[in-house]
2 protein chains.
Amino acid sequence: MEERKISRAVISRLPRYYRYLGELSEEGVERISSKELSERMKVTASQIRQDLNNFGGFGQQGYGYNVRYLYNEIAKILGIDRQHNVIIIGAGHLGQAIANYANFERRGFLIKAMFDVDPNLFGKTIRGARVYSLDNLEKFISENDIQIAALTIPKTRALEIAERLTKSGIKAIWNFAHTDLIVPYDVVVENVHLSESLMRLSYRVSNIDAPPFEGKYD
Amino acid sequence: MEERKISRAVISRLPRYYRYLGELSEEGVERISSKELSERMKVTASQIRQDLNNFGGFGQQGYGYNVRYLYNEIAKILGIDRQHNVIIIGAGHLGQAIANYANFERRGFLIKAMFDVDPNLFGKTIRGARVYSLDNLEKFISENDIQIAALTIPKTRALEIAERLTKSGIKAIWNFAHTDLIVPYDVVVENVHLSESLMRLSYRVSNIDAPPFEGKYD
DNA sequence: TAGATTGTTAATCGATTAACAATC
DNA sequence: TAGATTGTTAATCGATTAACAATC
C-alpha cells in the first residue's frame, strides 16, 4: 500500500498539523503557505513541506495549501476519517476521563464498553458506554468488532490482560499502564506513560535551560 | 551548572531506565551490564552507555553497573529525589485521576490542592487535596510554594489560566489541554496531548507496519 | 593475571534545514 | 507575464551504533 517507510518523527507531527489546520479552518482561513504555517507552529517551512511530501503533493506552487483540503487529507492519512470501535479496560478515574472525552467520538473513536473487576461499577454507564465484568471481555470483543482497547489498569495485571486482548483479535492497545507490553508484531501499542512524562518535566524544572534565543519575547 | 547540553532524546529515555532499574532492584538484582540491560529493554548497549555517560561514569569496567546505585543516581538527575509541590487545575475526571495516583507522591510530587470553576466540587477532598475555587489560585500558589501545575481544563480557558499561573511564579506546567501554551522562556511546559497520541495509534492501525525483523517470535 | 565490560572516539545512519529549479 | 511558493535534491546537523583501548 504505502510506497516507502515513513519515519516515526513525521507521524508524530501529523496530529499537530491537523490541529493547526482545524483552527485555521475555524478562523475562516482558506489558504496558507508553508512559510505562514511555519511561523504559527514554530517549525521550519522546509520541515512542513518535507513532511507533507511523504504522502503526496497537497500544495500548489505560487498558491500554497488549501486549508480545508489539507485538513481532510491528513485525516485520511491518520485514519480518523473512519470509525474505530474502542473498549476501555479499567473504569477508574482515568478510564472514565477517557470515556467522557467527547472529542474522541468526533474523531471516529466510538467507546463501546468499559470493563473492570469491581462489581460496584458493573452496569454504570458513561456517555453510553456500559461497564461490564472482565469475564465478558473476549465475548464482547468478538461480537462487537472491537479494534482498539485503552488499558487503564495497574501494571500488575496489564500483561495478562494484554495477552487476552491480543488473543481476542484486538489490533491496537492504547497503554496507560506503567509497563512495556509484549504483543505480537502486528498489534500496535501506543504508550502513554504519565509518570515518565512527569519525570521529564521534573528533569527540566530541576535543570532549567538557558533561554532558547537572544531575541526579545513580547 | 551542567557541563554540556543534553539532548531531548536522552532525557526522554531516562525515566524508562529508571523504571527498569527499579524493577531489577525489586527482583534483588545487584549488578547489571549494559549488555544484559540492553537485552531486557530492547535497545543497544551502546546507547545505554552513551546516555549514562552524559551524566558521569556510573559503571565499572569488568563489573557493569550497580543497580541500586545507578537507580539513585538517575533519581537525582531527574530531580525526583526532592519534593515538588503540585496543584491541579481542573477537578474533573482527569484531574481526579492524577490526584488519585499514589505513585506520584512516592516520586516526590505532592498534590497540595485542586482548583475548579464548578462550585459543586469546592471542598471535596481527594487523597488529602482539597478542591478550591479558581478565585483563590494566585493566593494559594504564593502562600504554599507551588512549583508545578497540572492543567486539566478545556483548551478554551487554558491560555488564560497559563498566564495566571506563570504570573504567580509557577515554574512548570504539565499541560493536558489540547493546545500549545505560550509561556516565558524560563517556564517549563510538558505536554500530554492525549488526542494526538490516539491519532498516532490510529495511523499505525490504519497503516499496519511490516514485521520489524525476520527472526522468530517466541 | 585473564576476562569482562566500561568510557569514549570514530563511523554510520537518519533527520532537519537550505537551496533552487519547476510551475502555478 | 512576473511573483510566489511548492516539490525535491543537496548540504548540514545530530543521534545512534560500532569499535576498541583503558581498566577494574
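Per chain, numbering begins at 1; letters A, B, ... match sequence-line order.
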Applying salt bridge (charged side-chain N to carboxylate O under 4.0 Å, His left out), name anything that partners [X], two or more places apart in sequence or on another chain.
X: A:Arg31; answer: none
X: B:Glu36; answer: none
X: A:Arg16; answer: B:Asp180

Among B:Ile126, B:Val86, B:Ile87, the one residue meeting side chain to side chain contact (heavy atoms under 4.5 Å, CB included) with B:Met114: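 Filter result, single survivor: B:Ile126.
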Residues in contact with DNA chain C, drawn from residues 61-77 of chain B - heavy-atom cutoff 4.0 Å: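 Here the set is B:Gln61, B:Gly62, B:Tyr63, B:Gly64, B:Tyr65.
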Interface with DNA chain C, restricted to residues 38-46 of chain A and to heavy atoms under 4.0 Å: A:Thr44, A:Ser46
B:Phe104-B:Trp174 aromatic ring centre distance below 6.0 Å: yes
Ring pair (Phe, Tyr, Trp, His ring centres under 6.0 Å) partners for A:Tyr71, two or more places apart: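 Partners of A:Tyr71 by the ring pair (Phe, Tyr, Trp, His ring centres under 6.0 Å) criterion, ordered by chain and then number, come out as A:Tyr18.
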Note: B:Glu190-B:Lys171 ion pair, threshold 4.0 Å (strictly below): no
SB check A:Asp51 A:Arg13 (cutoff 4.0 Å):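 Here A:Asp51 pairs with A:Arg13 in a salt bridge, since their nearest N and O are under 4.0 Å apart.
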Return a table of donor-acceptor pairs under 3.5 angstrom between the side chains of residues 59-66 of chain B and protein atoms on other chains or two or more places apart.
unit_1	atom_1	unit_2	atom_2	d
B:Asn66	OD1	B:Arg68	N	3.1
B:Asn66	OD1	B:Tyr69	N	2.8

Side chain to side chain donor-acceptor pair (under 3.5 Å) partners for A:Gln147, two or more places apart: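 A:Gln147 satisfies side chain to side chain donor-acceptor pair (under 3.5 Å) with A:Asp145 only.
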Within residues 91-116 of chain A or reaching into it, pairs that qualify as salt bridge (Lys or Arg N to Asp or Glu O under 4.0 Å) - sequence neighbours excluded: none
Pairing stems for DNA chain C [at least three consecutive pairs; Watson-Crick or G-U; under 3.5 angstrom]: C:3-24 with D:3-24
Using a 3.5 Å cut-off and no angle test, enumerate the donor-acceptor pairs between side-chain atoms of residues 90-101 of chain B and protein atoms at least two apart in sequence or in another chain.
unit_1	atom_1	unit_2	atom_2	d
B:His93	NE2	A:Asn100	ND2	3.3
B:Gln96	NE2	B:Ala91	O	3.0
B:Asn100	ND2	A:His93	NE2	3.3
B:Asn100	ND2	B:Gln96	O	3.0
B:Tyr101	OH	A:His178	ND1	2.5
B:Tyr101	OH	B:Asn103	ND2	3.1

Range on DNA chain C touched by chain A - first to last nucleotide, heavy-atom distance under 4.0 Å: C:dA15 to C:dC24
5' precedence on DNA chain C between A:Asp51 and B:Phe58 (nearest-nucleotide basis): B:Phe58
